[in-house]
Amino acid sequence: MARVQARLGLLQAVLGVAFLVVLGRAAQVQLGQGGRYAAEAARTRTEVRTLEARRGTLYDRRELPLAVTHQSYRVGIAPNEVTERAALIRVASRQLGVPPATLQRGFASGKPYL
């Protein structure tokens, strides 16, 4: 019975040492070298490219347009942050090509969006 206890103790010690070795190596890789591995992964797996969007009309097989591209822009103004409303309306109407009355109505309604 004493031999069995000794063998079990030796087996536990070997497994304990093996566990500590694996735990130490995992800590070294994650804590000590983790930044280097993360930077290398970002460098090799990340690519920044600017792709031009393909714009244009989509046609069916009979060359009838299914979808036509229309560019539009939306301009929003925060009325509670405007101190000189008249100057803003004057400049915005000139820059955007919108009549000043349209901007006046937008400010009056509380929804100055174009």
Side-chain angles (χ1 to χ4, degrees):
M1 194 67 153
R3 287 184 117 179
V4 173
Q5 291 295 332
R7 288 181 185 165
L8 284 176
L10 179 63
L11 182 63
Q12 286 178 345
V14 168
L15 288 177
V17 169
F19 176 74
L20 289 176
V21 167
V22 169
L23 185 66
R25 178 64 181 148
Q28 177 189 9
V29 167
Q30 291 181 3
L31 300 176
Q33 300 172 346
R36 183 174 61 93
Y37 285 131
E40 184 177 339
R43 183 182 55 79
T44 59
R45 295 187 180 172
T46 303
E47 182 177 342
V48 178
R49 285 193 286 167
T50 302
L51 300 176
E52 292 186 24
R54 295 183 194 144
R55 303 281 186 218
T57 305
L58 297 177
Y59 298 98
D60 67 359
R61 62 181 163 184
R62 288 171 280 165
E63 296 191 21
L64 296 174
L66 293 174
V68 180
T69 300
H70 293 284
Q71 287 187 348
S72 63
Y73 300 95
R74 183 177 176 121
V75 176
I77 300 171
N80 58 342
E81 295 181 16
V82 175
T83 55
E84 297 182 28
R85 187 174 291 184
L88 174 71
I89 289 173
R90 189 172 49 252
V91 171
S93 69
R94 185 173 52 238
Q95 293 291 325
L96 299 173
V98 177
T102 304
L103 294 174
Q104 289 279 2
R105 279 194 305 274
F107 272 109
S109 69
K111 298 179 183 177
Y113 297 105
L114 296 175

Do Arg7 and Val4 come within less than 4.5 Å of each other through their side chains, counting heavy atoms only? no
For residues 29-43, which side-chain N or O atoms pair as donor and acceptor with protein atoms under 3.5 Å away, sequence neighbours left out?
{"residue": "Gln33", "atom": "OE1", "partner": "Tyr37", "partner atom": "OH", "Å": "3.4"}

Side-chain heavy atoms under 4.5 angstrom apart, residues restricted to Ile, Leu, Val, Met, Phe, Trp, Tyr: same cluster for Leu96 and Val91?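 As far as the 4.5 Å side-chain criterion goes, Val91 and Leu96 are not connected within one cluster.
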Quick check for you: to the nearest 0.5 Å, what is the distance between [X] atom [atom1] and [Y] atom [atom2]?
X	Y	atom1	atom2	answer
Thr69	Leu58	OG1	CG	7.0 Å
Leu66	Asp60	CG	CG	4.5 Å
Thr57	Leu64	OG1	CG	12.0 Å

For a quick test of reading the model, state the closest non-hydrogen atom pair linking Ser93 to Leu103 and the distance between them. N-CD1, 3.6 Å
What pairs with Val17 under side chain to side chain contact (heavy atoms under 4.5 Å, CB included), at least two apart in sequence or on another chain? Val21
